[in-house]
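Read through the structure below, which is laid out as structure tokens, and then see the notes.
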Amino acid sequence: MTQIHPNLFIGTEHDFEQRVKNQPGWYVVHACKEPYHRKLLGYTTQGAPKSHPEYLWAKRENRLYLNLVDVADPAYISDDIVRATMKFIDEALATGNKCLVHCNLGESRSPVLGLLYMAHRGLIPNESLPIAESAFMKLYPGYNPKAGMRGFLSQHWEEYTAHMSFQAKQELA
């Protein structure tokens with residue numbers, strides 16, 4: 001589990017289970033369908049029923065459960081899931097709580113969400129994805145996005161970073 005910004009951590013399923021699960025003061029993004037989203041909704045089929053109102057994500061108090069799989073095609077990664085995650089992290093940090101964003105291995109889904117949050121908020125250089133990735137890897141060396149997550153970043157980079165550049169953030173400080 002690595003802190004990438006004050007009170008914002010990226011990690012693995014093990015980090016959640018062994019270090020955070022029963023600790024007070026934590027918000028948690030479960031950035032993996034298995035086992036968290038599946039257990040919460042109780043589906044036994046391969047995927048959640050698409051008609052379910054919480055098909056993409058579900059929020060329970062200080063937990064956000066994502067139906068996020070690490071697939072090769074970025075078309076299967078929902079922008080709604082990513083936006084819900086950005087909002088949830090903002091909420092956690094605004095309340096002064098710690099926030100763990102984790103996936104199973106801490107290599108692709110959770111680090112991509114962490115990188116995107118940091119770039120979106122202008123907390124790391126964000127003028128291009130390669131520059132942001134280089135800066136983020138100094139904070140989180142385990143960053144190793146798979147094709148779908150990296151493709152999502154490439155396709156959506158401008159819309160998430162256009163409002164607040166790192167340079168503008170530095171000028172405000």
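Computed from a prediction, not measured in an experiment: that's the story for all the values here. Numbers for residues simply follow the sequence, beginning at 1.
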Could you check whether the rings of Tyr160 and Phe152 sit parallel, tilted or perpendicular, using 30° and 60° as the cut-offs?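 The arrangement is tilted - the two ring planes meet at 30° to 60°.
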I need the minimum non-hydrogen distance between [X] and [Y], along with the two atoms involved.
X: His102; Y: Val28; answer: CD2-CG1, 3.8 Å
X: Ala132; Y: Trp157; answer: CB-CH2, 3.4 Å
X: Leu66; Y: Ala31; answer: CD1-CA, 3.8 Å
X: Asn7; Y: Gly96; answer: ND2-O, 3.6 Å
X: Met1; Y: Leu100; answer: SD-CD1, 3.8 Å
X: Cys103; Y: Ser110; answer: SG-OG, 3.2 Å

Is the centre of the Tyr43 ring less than 6.0 Å from the centre of the His37 ring?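 Yes, the ring of Tyr43 comes within the 6.0 Å limit of the ring of His37, centre to centre.
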Taking the six-membered ring for Trp, are Tyr140 and His5 ring centroids under 6.0 Å apart?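 No, the ring of Tyr140 stays outside the 6.0 Å limit from the ring of His5, centre to centre.
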I need the [X] [atom1] to [Y] [atom2] distance, nearest 0.5 Å.
X: Leu40; Y: Arg63; atom1: CG; atom2: CZ; answer: 11.0 Å
X: Leu56; Y: Leu68; atom1: CG; atom2: CG; answer: 10.0 Å
X: Arg38; Y: Cys32; atom1: CZ; atom2: SG; answer: 12.0 Å
X: Thr12; Y: Gln18; atom1: OG1; atom2: CD; answer: 9.5 Å
X: Ile10; Y: Cys99; atom1: CD1; atom2: SG; answer: 8.0 Å
X: Leu139; Y: Gln3; atom1: CG; atom2: CD; answer: 10.0 Å

Do [X] and [Y] have side chains that approach each other closer than 4.5 Å (heavy atoms only, starting at C-beta)?
X: Pro145; Y: Tyr143; answer: yes
X: Ile131; Y: Asn126; answer: no
X: Phe136; Y: Ile4; answer: yes
X: Leu113; Y: Val82; answer: yes

Do you reckon [X] sits in the same ILVMFWY cluster as [Y], going by side-chain contacts under 4.5 Å, direct or chained?
X: Val29; Y: Ile77; answer: yes
X: Ile89; Y: Phe16; answer: no
X: Tyr36; Y: Phe9; answer: yes
X: Ile124; Y: Val101; answer: yes

If the condition is salt bridge (charged side-chain N to carboxylate O under 4.0 Å, His left out), which residues does Asp15 pass it with, not counting sequence neighbours?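 Checked Asp15 against salt bridge (charged side-chain N to carboxylate O under 4.0 Å, His left out); matches are Arg19.
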Among residues at least two apart in sequence or on other chains, which ones pass salt bridge (charged side-chain N to carboxylate O under 4.0 Å, His left out) with Glu107?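 Expected list: Lys146.
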Sorted by first residue and then second, give each side-chain hydrogen bond (donor to acceptor under 3.5 Å, both in side chains) pair with at least one member in residues 85-95; sequence neighbours left out.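 Listed by first then second residue: Lys59-Glu91, Asp90-Tyr117, Asp90-Arg121, Thr95-Asn97.
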Could you please spell out the steps behind the salt bridge (charged side-chain N to carboxylate O under 4.0 Å, His left out) verdict for Lys39 and Glu34? CA-CA 8 Å; Lys39 283 183 182 177; Glu34 299 291 347; over 6 Å; no
Indicate yes or no: does Lys21 engage Glu13 in a salt bridge with an N to O separation below 4.0 Å.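 Between Glu13 and Lys21 there is no salt bridge, as every charged N stays at least 4.0 Å from the carboxylate O atoms.
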Check: Ser134 side chain, Pro130 main-chain N or O, donor-acceptor pair, under 3.5 Å: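 Checked: no pair found.
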Which residues satisfy the ring-ring contact (aromatic ring centres under 6.0 Å, His included) test with His14, sequence neighbours excluded?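 Residues passing ring-ring contact (aromatic ring centres under 6.0 Å, His included) with His14: none at all.
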Which residue pairs pass the ring pair (Phe, Tyr, Trp, His ring centres under 6.0 Å) test when at least one of the two sits in residues 47-77, sequence neighbours left out?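 The answer is His30-Tyr65.
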Output all residues satisfying side chain to side chain donor-acceptor pair (under 3.5 Å) with Glu54, sequence neighbours left out; order by chain, then residue number.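 Side chain to side chain donor-acceptor pair (under 3.5 Å) check on Glu54 returns Arg60.
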